[in-house]
Amino acid sequence: MSELKMDLIDNENKKQKPDADKIAFGKHYSDHMFIMDYSTDKGWYDPRIVPYEPITLDPAAMIFHYGQTVFEGLKAYRTTTDKILLFRPEQNFKRLNLSSDRLSIPAIDEELALTYLKKLIEVEKDWVPQAEGNSLYIRPFIIATEPNLSLAPSETYQFMIILSPVGSYYKEGIHPVRIHVEDEYTRAVRGGTGKAKTAGNYAAAYKAQERATKEGYSQVLWLDGVEKKYIEEVGSMNVFFKINGEIVTPELNGSILEGITRMSIIELLKDWGIPITERKISLEELYEAYDQDKLEEAFGTGTAAVISPVGELNWGDRNMVINNREIGEMSKKLYDTLTGIQTGKVEDLYNWTVEVK
Ligand SMILES: *Cc1c(COP(=O)(O)O)cnc(C)c1O
């Protein structure tokens, strides 16, 4: 690493790290965070690592009013030989810039951002958990900070990275979940912001999620916002089906978020010579395949769970039980391969991991 121009202010009040078996998602934060500022005249400037602490913003800061913000989510894993690995982090910064472009936020230098992230993790390496299944969740994000109520892009921003140790997503082993088909609310529409990781999409999903939770489902299946006919995503994960030996996933259409787990699964399947197709999949087609005993597996994919098998899919009075509520063979193989690569247990044939030294 060449000499980085970056300030580092050490935090002298180090926190106690949470117990490995008691880590709740998103509740614990490390001792330091990364910040960089932007103004239209200076561009991005003053990258620094500082003690983790609250930030001060003007109440008129544009983030609060018009939601001009983007975020990312990835993890750092500790291998059994005590290396720290990131999984395809360059893809996260590439996607951050794609999201920013949609929200009229200025781009960051992707390579520099990765260098800053590596430096931050180096400083916080003791925060990368040891225990099997645990990891350090990384949340890069950008907020519009200009105090101004005019409807125009902010002239100032902050780019920050915070770190949060997280426990295993599957403490009690992988168990397939119940999913409710959402046919009233829409997550995102073509031409909207669905393909960007931006706050509003997630706030807009709570209403459907609340109802599904109340009715005993763990997530909702989102349909396209135009015809309410085609499958888009499950909760905040991409979705795959195995129908009659073929793996299918909804094609990217502007309202689907392009997951890095999704991308990796498609690449793995292609490499394994297993038929994988990105195309439109209607709910009707799915129920037809089910009736003909051809719907073999269904699973969501994303950084948090990697693979989340669907055991049951409910749409009004139509109910499907998939693979006897058990994880499918393909889901299991993909899960083992991806988590194996991420944690250094399976050889990384694709150069996906980046070591933090
Ligand atoms: C982040 C996200 C995903 C999954 O992306 P990964 O890069 O695989 O973690 C899928 N759908 C939505 C809506 C998301 O926000």
Side-chain angles (χ1 to χ4, degrees), residues 25-26 67 69-77 86-100 102-103 110 114 117 135-142 164 166 169 177 179 182 185-190 192-209 212 218-225 230-241 249-269 276 278 281 298-310 331 334-335 337-339 341-342 350 352-354:
F25 184 84
T69 180
V70 292
F71 70 91
E72 267 304 323
L74 67 160
K75 286 173 170 177
Y77 309 84
L86 298 169
F87 184 73
R88 311 187 80 174
E90 70 288 347
Q91 294 291 342
N92 290 91
F93 290 118
K94 187 172 162 197
R95 188 171 64 189
L96 187 70
N97 272 343
L98 290 173
S99 298
S100 288
R102 182 64 185 81
L103 274 289
E110 294 168 24
L114 180 52
L117 170 61
S135 55
L136 185 68
Y137 185 77
I138 301 162
R139 171 54 60 88
F141 62 106
I142 301 174
S164 174
V166 294
Y169 194 87
V177 293
I179 302 294
E182 176 57 54
Y185 296 111
T186 301
R187 191 192 89 88
V189 287
R190 291 203 287 281
T193 57
K195 70 173 180 187
K197 258 179 141 61
T198 185
N201 293 342
Y202 304 84
Y206 291 158
K207 206 78 187 156
Q209 178 64 43
S218 67
Q219 306 268 321
V220 300
L221 185 79
W222 295 108
L223 301 178
D224 75 279
Y230 298 102
I231 293 165
E232 298 222 319
E233 300 204 50
V234 57
S236 56
M237 289 182 283
N238 295 115
V239 66
F240 287 75
F241 301 95
T249 190
E251 67 186 9
L252 302 175
N253 59 359
S255 53
I256 292 172
L257 196 288
E258 184 176 8
I260 294 158
T261 318
R262 175 187 184 278
M263 182 189 298
S264 307
I265 285 171
I266 293 171
E267 289 174 37
L268 274 179
L269 291 170
I276 161 76
E278 296 172 69
I281 306 159
F299 54 94
T301 71
T303 296
V306 183
I307 300 272
S308 175
V310 177
S331 312
L334 287 165
Y335 179 82
T337 306
L338 280 173
T339 55
I341 293 172
Q342 287 163 346
Y350 313 94
W352 282 342
T353 54
V354 171

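It should be emphasised that the depicted structure is a prediction, and the values quoted were computed from it without experimental measurement. This chain uses plain numbering: 1 for the first residue, then up along the sequence. Numbering of ligands and ligand atoms starts at 1, following listing order.
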Can you check whether Ile260 has an N/O within less than 3.5 Å of an N/O in ligand 1?
yes
Protein heavy atom at shortest distance from atom 14 (C) of ligand 1:
Lys197 NZ, 3.0 Å
Tell me yes or no: between the side chains of Ser264 and Arg88, is some donor less than 3.5 Å from an acceptor?
yes
Check whether Trp222 reaches the backbone of Ile231 with its side chain - one donor and one acceptor, N or O, closer than 3.5 Å.
no
Check whether Ser308 reaches the backbone of Gly300 with its side chain - one donor and one acceptor, N or O, closer than 3.5 Å.
no
Mind checking what makes side-chain hydrogen bond (donor to acceptor under 3.5 Å, both in side chains) contact with Thr186, not counting sequence neighbours?
Lys228
Any N/O pair Thr301/ligand 1 closer than 3.5 Å:
no
For Arg95, take its heavy atoms, then give the atoms of ligand 1 lying under 4.0 Å from any of them.
5 (O), 6 (P), 7 (O)
For atom 9 (O) of ligand 1, closest protein heavy-atom neighbour:
Thr303 OG1, 2.6 Å
Electrostatic pair Glu232-Arg190, nearest N-O below 4.0 angstrom:
no
With respect to atom 10 (C) of ligand 1, which of Gly300, Ser236, Gly259 exhibits the smallest heavy-atom separation?
Ser236
for atom 15 (O) of ligand 1, nearest protein heavy atom and its distance come out as Tyr202 OH, 2.5 Å
When you measure from atom 8 (O) of ligand 1 to every protein heavy atom, which one gives the shortest distance, and what is it?
Thr261 OG1, 2.6 Å
Ranked by distance from atom 11 (N) of ligand 1, the top protein heavy atom is Glu233 OE1, 2.5 Å
Determine whether the side chain, the backbone, both or neither of Arg187 has a heavy atom under 4.0 Å from any heavy atom of ligand 1.
side chain
Between Glu258 and ligand 1, find which residue part has any heavy-atom pair under 4.0 Å and reply side chain, backbone, both or neither.
neither
Can you tell me which residue among Arg139, Lys94, Arg95, Gln91 is in a side-chain hydrogen bond (donor to acceptor under 3.5 Å, both in side chains) with Glu72?
Arg95
Run the side-chain contact (heavy atoms from CB on, under 4.5 Å) check on Ile265 and Ile276 step by step: do they pass?
CA-CA 9 Å; Ile265 285 171; Ile276 161 76; 5.8 Å; no
So which of Thr303, Val166, Leu74 actually passes side-chain contact (heavy atoms from CB on, under 4.5 Å) with Ser135?
Val166
